[in-house]
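Report on the following structure.
Residue numbering restarts at 1 for every chain, and letters A, B, ... go by the order of the sequence lines. What's counted below: heavy atoms across the whole structure, side chains too, no hydrogens, waters or symmetry copies.
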2 protein chains.
Amino acid sequence: MPDEVDLTTRRVRNPWGQGERLRTDILDAAVGLLSELGGEEALTIRGVARAVGIAPASIYQHFADKAALVRAVVEYDYERLSAVMREADESVEPDDAVGRVRAQIHAYCRFAIANPGHYRLMLGNRRLTGQEPGTRPRGPLLPIVEAVIAAFERCERAGKRLRLPSERAAVMVFVGTHGRVALYHSDRQGNGADRILPFVDELISLVFD
Amino acid sequence: MPDEVDLTTRRVRNPWGQGERLRTDILDAAVGLLSELGGEEALTIRGVARAVGIAPASIYQHFADKAALVRAVVEYDYERLSAVMREADESVEPDDAVGRVRAQIHAYCRFAIANPGHYRLMLGNRRLTGQEPGTRPRGPLLPIVEAVIAAFERCERAGKRLRLPSERAAVMVFVGTHGRVALYHSDRQGNGADRILPFVDELISLVFD
DNA sequence: TAAATCGCCGAACAATCGTTCGGCAACGGT
DNA sequence: ACCGTTGCCGAACGATTGTTCGGCGATTTA
């Protein structure tokens, strides 16, 4: 009897007929789990269901299986990262080409620091997402480095002298930044974060003459 | 009845009294699993036992628990990586300071390419090894970057002009290399490996004047 | 108002994991 | 020749995972 009461209250708390609402709730819960626990193993069907406040079985009404959920989360986060970098790019005055490079890279670092779980998930998602080798090289990542490439081309056009072709300079800075953040995440989290931005600044200055 | 026969043959195949032999067999099997499957989730007590040809329970005669096994594997591989880098360093003539830097970094890349599972394990082993945050920052890694630092100091002493203090240059090259390899591993494995060494060469040349 | 549909849930299933326990076969010492 | 020690094994336990199934209440349709 108390069970029915509990069920009723829950259903009042989560009224039906909201359509797509619950789907984004599930994605947000997954993102939250990834950010808090910080490990891809924290992303479980049961955990997400618990965080949302629904039954594990209900997840399957919105996602075919766990791989589909993970794919959606990864896609969602790539979009979030892209947005954050674009936003940072637009926050500096357009003529400051080097400043725009720095802003984008700094935004990348901040995102990676704030979302360790996502970061780990973006890498090595081959098994969880079920995509086999041989396919396109991590599709969602390409637009991000292309934004950095564009920023470096802007520098070149602005007369800044690069020690590398703009595309290679962009890849170099991006890869180096990625390596620094990955090393940070493999350590205990929290300490050393303040040394990341100076490092990438040093790295950026290295590709300029 | 046939079970007893099977048991007998197995015991003949794996005679007792060999002392420490089986312990290294277990470690080798773990290393093999990590290299083949390429994921830290492939490192299971049962899988290792199956690979060695013993019962899962027998593992606990050599390691207290799974965390101890993982710690031993990580330690073993750090040593192997150090040895490979040292060997590469000694394979070029001592006066070629830059060549020794390149040899060490190349050895690092080759190791990371050949042992993807180990690589993934060295990072983010916090959970598997059971060590909590706040401890020394990944102890075994320090000697490795110190070797690179020493190599760069040798370059400086040889009159090579660096655009960064030698220690920072070493960290920069190491971190960049690490990032390139991590990116390779997050992709499908196999493709793109031949572009890693050119990349690190370009990176190394960047820190020199 | 009766019927069909939709969204969710409780319960269970099979698989896998780390780990423990009691027992058995071979070896070394007496 | 006996016995304790050693090293291994089969079997099981408890926990957790992804996933499926039958059913039920609320909503919508006729």
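Close to C/dG7, at under 4.0 Å from its OP1 or OP2, lies no side-chain N or O of A/Ser58. Dashed line: the shortest gap from a side-chain N or O of A/His62 to OP1 or OP2 of C/dG7 is not under 4.0 Å. The side chain of B/Thr44 places no N or O atom within less than 4.0 Å of a non-bridging phosphate oxygen (OP1 or OP2) of C/dT16.
Look at CZ on A/Arg50: it is 10 Å from P on D/dG18, rounded to the nearest Å. Rounding to whole angstrom units, CG of residue A/Leu22 and C1' of C/dC6 are separated by 14 Å. To the nearest angstrom, C1' of D/dC9 lies 12 Å from CD1 of B/Ile59. Separating the OH atom of B/Tyr60 from the P atom of C/dC17 is a distance of 12 Å, rounded to the nearest angstrom. A straight line from CD1 of B/Ile45 to P of C/dC17 spans 10 Å, rounded to a whole angstrom. Per the geometry, CZ belonging to B/Arg23 stands 18 Å off P belonging to D/dT6, to the nearest Å. Counting to the nearest Å, the C1' atom of D/dT20 and the CZ atom of A/Arg46 are 12 Å from each other. Distance CD1 (B/Ile54) to C1' (D/dG7): 10 Å, rounded to an integer number of Å.
Set against C/dG10, C/dT19, D/dT17, the side chain of A/Ala55 has C/dG10 as its closest nucleotide. In this structure, of D/dC9, C/dA11, D/dG18, it is C/dA11 that holds the atom nearest to the side chain of A/Ala57. The B/Asp65 side chain lies nearest to C/dT19 when the options are C/dT19, D/dT19, C/dC9.
With rounding to the nearest 0.5 angstrom, the CG atom of B/Leu162 is 5.5 Å from the CD atom of B/Glu156. Here the CZ atom belonging to A/Phe152 is positioned 13.0 Å from the CZ atom belonging to A/Arg100, to the nearest 0.5 angstrom. Residue B/Ile144 holds its CD1 atom at 4.0 Å from OG of B/Ser82, rounded to the nearest 0.5 Å. To the nearest 0.5 angstrom, B/Met85 atom CE is 5.0 Å from B/Gln104 atom CD.
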Please lay out, stage by stage, how A/Tyr184 and A/Cys109 fare under the test side chain to side chain contact (heavy atoms under 4.5 Å, CB included). CA-CA 10 Å; A/Tyr184 162 74; A/Cys109 292; over 6 Å; no
